[in-house]
Amino acid sequence: MNIIFHINFPSPVLAILARLEAHGHEAWAVGGCVRDALLGHAVHDWDLCTSATPDEMLHAFSGWAVRETGLRHGTLTVMLEGAGYEVTTYRVDGAYTDGRRPDTVCFTHSLQEDLARRDLTINAMALHPQAGLVDPFEGVSDLQHKIIRCVGTPALRFAEDELRILRALRFASTLNFSMDPSTADAIHAQCATHALRHTAPERLLAELLALLPGSGVLNVLLEYPDVLAQFIPEIRATVGFDQHNPYHVYSVWEHIAHAVAAAPPEAEIRLALLLHDIAKPVCFSQDVAGNGHFYGHAQRGKAMATQILQRLHCPGDLTDATARLIGWHDTPLQADPAVVRRWLNRAGEQQFRRLICMHRCDALAKTPSLCAERLGQLDLVECLLNTLLAERACFCLKDLAVNGRDVMAAGIPRGPQVGAALNHLLDAVLDGRLPNERQRLLKELHFHTENSFPL
Ligand code: ATP
Ligand code: MG
């Protein structure tokens, strides 16, 4: 891994460091920003740490725009050039008794002590424009070798704060790094009993959503189902579950992991793929020839996924979009204009594109020789979709070439009959029985009203 040592500090960061130093304090950039800058990645938050106590910070920044965001824990946010910069007093954490947060925090004058409380070696470095890098736990070496490793003894660090387990997985996934063996062992050991019981559902979901788009997600999912099963216990039954089916080279969990990894990094698609086959174990049956079947697993999976995501306090729209995709994932998609129009009507363009993508990833995670044809069909479906959209094809009531006024003008009285008539016409257009042309649709309407056919 190429490490960049010549870092350009943004001018507000330089100004904050200089101000603290002018008042006789130490000040450094620290944590995630150092990691990302050394990797040459864009830095989204410059976090700073200082030997100044909160009172000393307030004094140093008197006259500046500041927000006392977490002053009790030593954090002050300095507002400069329209952005906020968190500056935190060097801290050591007190005892952890709840498995998540320290009971107390104490301020310290030692940068080394502050770095030692941090979770991972790659997150425990400090950087200064003149003084350079402070790296007591060999974070640079771990960046170079692409390794995720705890600061200190992994088992103790995870016992103190179990969220660190998910953070370790998240960075392994997003950076595509491997886990140091002793850190990996401690994660598995902690998850062999109970773990992640003290972490708020929102935090679990946030880490899961941060982990899923990572380029290293395949290995993380394959190696750590035990971690995810701490808060999605439904995963446990999928691990090693033999599908007894020629289409499947993988167990259910391996198939899920490969399908997720094949997807673009979009939350709805990756989350839907993570949970798409969650109901397979409960829907499993075998025919006389010994072939495995999973009748009803898409609908059952939709219900299970909804429950799982609600348990994790997932926002309603994400839950809904994900669950719908899961419910549809097993319905074959045909490259037929009527079928594609129906899908557009039912799902809308965005969700239908996600569904095609999901089908593709699902197929890519099955026996390759048996799925080539399926992938070709999906390309045709997508082509057809693009053509229909380019032609501005009609797939919902508002696209129809006639409206409610036309229906009433044709003699249908105001009321539910009007909607029924429009839906009848829409059905005919979706199926390709009628073109979406005003005159043809009006003719159809008159034909029905004159012959008193039920609409
Ligand atoms: P990103 O902001 O990109 O998600 P980050 O590493 O900056 O990654 P933050 O949550 O912003 O993550 O935390 C800032 C720093 O605080 C981390 O780099 C790490 O040094 C420390 N840190 C965060 N969470 C923990 C934790 N649970 N235990 C120990 N140290 C932590
Ligand atoms: Mg950060």
Side-chain angles (χ1 to χ4, degrees), residues 7 10 13 28-50 69-70 73-77 83-96 98-106 108 111-127 133-140 142-143 148-177 183 186-187 190 195-196 198-200 202-216 227 265:
I7 310 292
V13 172
W28 299 78
V30 72
C33 62
V34 178
R35 175 198 69 223
D36 290 341
L38 292 172
L39 287 171
H41 295 175
V43 173
H44 57 87
D45 282 318
W46 285 88
D47 291 331
L48 310 177
C49 65
T50 177
T69 34
H73 299 105
T75 304
L76 186 75
T77 303
Y85 296 85
E86 286 196 350
V87 192
T88 305
T89 306
Y90 295 160
R91 264 172 34 185
V92 278
D93 295 335
Y96 285 76
D98 72 354
R100 179 59 196 99
R101 285 174 199 286
D103 303 338
T104 53
V105 294
C106 322
T108 166
L111 172 63
Q112 296 273 333
E113 283 180 357
D114 182 273
L115 295 176
R117 77 172 165 88
R118 294 172 185 273
D119 54 353
L120 305 171
T121 58
I122 58 168
N123 291 341
M125 294 181 273
L127 190 66
L133 189 71
V134 177
D135 177 19
F137 306 105
E138 300 182 4
V140 166
D142 284 344
L143 282 181
I148 300 294
R149 185 197 314 269
C150 281
V151 171
T153 308
L156 296 179
R157 304 310 310 282
F158 292 138
E160 284 174 353
D161 176 0
E162 55 182 21
L163 183 66
R164 291 174 187 152
I165 296 174
L166 274 183
R167 285 177 54 89
L169 262 57
R170 191 233 297 182
F171 288 113
S173 175
T174 55
L175 298 174
N176 199 6
F177 281 17
T183 298
I187 291 175
Q190 183 106 352
L196 299 169
H198 308 285
T199 306
E202 293 81 359
R203 290 305 300 266
L204 296 170
L205 180 74
E207 288 297 333
L208 178 65
L209 291 178
L211 171 167
L212 281 178
S215 56
V227 175

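In each ligand, atom 1 is the first atom listed, and ligand 1 is the first ligand listed.
Residue-to-ligand polar distances keep F171 apart from ligand 1: every N/O pair is separated by 3.5 Å or more. For D36, no nitrogen or oxygen atom sits less than 3.5 Å from a nitrogen or oxygen atom of ligand 1, counting backbone and side chain alike.
The protein non-hydrogen atom at the shortest distance from atom 8 (O) of ligand 1 is R35 NH2, 3.4 Å. Here the protein heavy atom with the shortest distance to atom 21 (C) of ligand 1 is R118 NH1, 3.7 Å. Scanning the protein heavy atoms around atom 22 (N) of ligand 1, the nearest turns out to be R167 NH2, 3.8 Å. Nearest protein heavy-atom contact of atom 4 (O) of ligand 1 is R170 NH1, 2.8 Å. Protein heavy atom at the shortest distance from atom 18 (O) of ligand 1 is G32 N, 3.1 Å. If you check which protein heavy atom lies closest to atom 14 (C) of ligand 1, you get D47 OD2, 4.0 Å. Atom 1 (P) of ligand 1 has its closest protein heavy atom at H44 NE2, 3.7 Å.
R117 is not listed as a side-chain neighbour of V92, based on a closest heavy-atom distance of 4.5 Å or more.
Put simply, the residue from V13, L48, V30 that forms a side chain to side chain contact (heavy atoms under 4.5 Å, CB included) with V87 is L48.
Here D119 has heavy atoms under 4.0 Å from ligand 1 in both its backbone and its side chain. Residue F158 does not touch ligand 1, judged by heavy-atom distances below 4.0 Å.
Applying the salt bridge (charged side-chain N to carboxylate O under 4.0 Å, His left out) test to D93 and every residue at least two apart in sequence or in another chain returns R91. Listed by chain and residue number, D114 satisfy the salt bridge (charged side-chain N to carboxylate O under 4.0 Å, His left out) test with R118 (two or more places apart in sequence, or in another chain).
Using 4.0 Å as the threshold, R117 has a heavy atom nearer than that to some atom of ligand 1. Assignment of R157 to the shell around ligand 1 is not supported, since no heavy atom sits closer than 4.0 Å. Judged by the shortest distance from any of its heavy atoms, D161 lies inside the 4.0 Å radius around the atoms of ligand 1.
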